Amino acid sequence: ELAAARMVSMTPTEVLARLNDRFRLLSGSRRGLERHQTLRQAVQWSYDLLSEDEQAVLAACAVFAGGFDTVSVTAVHGGFDEYTVLDLVDSLVRKSLLTATRTSGGTRFAMLETIRQFVEDQHATVGGLGELRDGHARHYANQVVARWKLWDGPGYDAATEWVDVEFDNLRSGFRWATDRNASGSLGSTIQS
């Protein structure tokens, strides 16, 4: 609705070209409820309705690039067991803040980029996502070690399939760890 309102003064191509800053672009409606006047207000309203546990798990989900499963979210968050995370992720899917895709390998979850950007902005003001990103990098470093052991044996196909599925997370974790090590602030996080 907010994008459609911009069509009065912009072409679809112009709107599309500016979606990288969607929170500024999709604002300005003067009709309707206040929570529907900007994209940020609409997302903020939904976010504020979440419990603290749901907000915490949503923040953990925001550090993943591409998709993730509940085992990975549990490892990154570190504060809940897998069944609690499963309940919270299920709740976030039902509230349309996460999406679920069923594959032959299990269910993978993802977050819309608008929601990810909002969560990152939200946590930038309250201390950031650094610990969660450290946990993400640590989790994938540990997974790489485990998968490497399968590389030269009968588990080769499973290991290469895992790399294909998790490539974006591997790249993101590696980039985060490299940047933190370059600044000297990550230390031996990956090794622990």
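Please read these numbers as outputs of a predicted model, since none were measured by experiment. Quick note: numbers below take in every heavy atom, side chains included, and nothing from hydrogens, waters or symmetry partners. Residue numbers run from 1 in the order of the sequence given.
Here Arg94 pairs with Asp90 in a salt bridge; the nearest charged N to carboxylate O distance falls below 4.0 Å. Arg108 has a carboxylate O that lies under 4.0 Å from a charged side-chain N of Glu166, or vice versa, which qualifies the two as a salt bridge. Between Glu131 and Arg138, none of the side-chain N atoms (NZ, or NE/NH1/NH2) sits under 4.0 Å from a carboxylate O, so this pair counts as no salt bridge. The pair Lys95-Glu54 meets the salt-bridge criterion, with a side-chain N (NZ, NE, NH1 or NH2) lying under 4.0 Å from an Asp/Glu carboxylate O.
The side-chain heavy atoms of Val71 and Val85, taken from C-beta on, include no pair separated by under 4.5 Å. Looking at Val57 and Phe80, their side chains come closer than 4.5 Å, going by heavy atoms from C-beta outward. Proximity of Gln122 to Gln55: side-chain heavy atoms (C-beta onward) are nowhere separated by under 4.5 Å. At least one side-chain heavy atom of Gln44 sits less than 4.5 Å from a side-chain heavy atom of Asp48. Contact check for Leu50 versus Leu92: side-chain heavy atoms found under the 4.5 Å cut-off. Put simply, the side chain of Trp162 reaches to within 4.5 Å of the side chain of Val144, judged on heavy atoms. Side chains of Tyr47 and Leu58 form a contact here, defined as non-hydrogen atoms less than 4.5 Å apart. Counting heavy atoms from C-beta outward, Asp134 and Arg180 have side chains that approach closer than 4.5 Å.
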*asked:* Could you go through Asp69 and Ser72, starting from their C-alpha distance and side-chain angles, then the distance that decides it, and tell me whether this counts as side chain to side chain donor-acceptor pair (under 3.5 Å)?
replied: CA-CA 6 Å; Asp69 57 24; Ser72 297; 2.9 Å; yes
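Contact between Asp81 and Thr74 at its shortest, heavy atoms only, is C-CG2, 4.0 Å. Smallest separation of non-hydrogen atoms from Gly173 and Ala137: O-CB, 3.6 Å. The minimum heavy-atom distance between Val119 and Ala59, with the atom names listed, is CG1-CA, 3.7 Å. Ala62 and Glu120 get closest at one heavy-atom pair: O-OE2, 4.0 Å. The minimum heavy-atom distance between Cys61 and Val73, with the atom names listed, is SG-CG2, 4.0 Å.
A donor-acceptor contact closer than 3.5 angstrom is absent between the side chains of Thr84 and Asp87.
A donor-acceptor pair is defined here as one N or O able to donate and one able to accept, closer than 3.5 Å; no such pair exists between the side chain of Asp168 and the backbone of Gly67. Checked by atom type and distance alone, the side chain of Arg116 pairs as donor or acceptor with a backbone atom of Phe64 at under 3.5 Å.
No continuous path of hydrophobic side-chain contacts links Val163 to Leu150 [ILVMFWY only; heavy atoms under 4.5 Å]. Under the 4.5 Å side-chain heavy-atom criterion for Ile, Leu, Val, Met, Phe, Trp and Tyr, Phe167 and Val165 are members of distinct hydrophobic clusters. A single hydrophobic cluster is seen to contain both Tyr156 and Trp148, as judged by linkage of ILVMFWY side chains at heavy-atom distances under 4.5 Å, directly or through other members.
Tyr83 OH to Thr70 OG1: the interatomic distance, rounded to the nearest 0.5 Å, is 9.0 Å. To the nearest 0.5 Å, the span separating CH2 on Trp176 from CG on Leu132 amounts to 10.0 Å. Distance CG/Leu88 to OG/Ser51: 6.0 Å, rounded to 0.5 Å.
Few gaps surround CD on Glu82; more than 12 heavy atoms of other groups in view lie less than 6.0 Å from it. For Phe174, the CZ atom counts as loosely surrounded, since its 6.0 Å shell holds 12 or fewer non-hydrogen atoms of other residues, nucleotides or ligands.
Between His136 and Tyr140, the ring-plane angle classifies as tilted under the 30° and 60° cut-offs.
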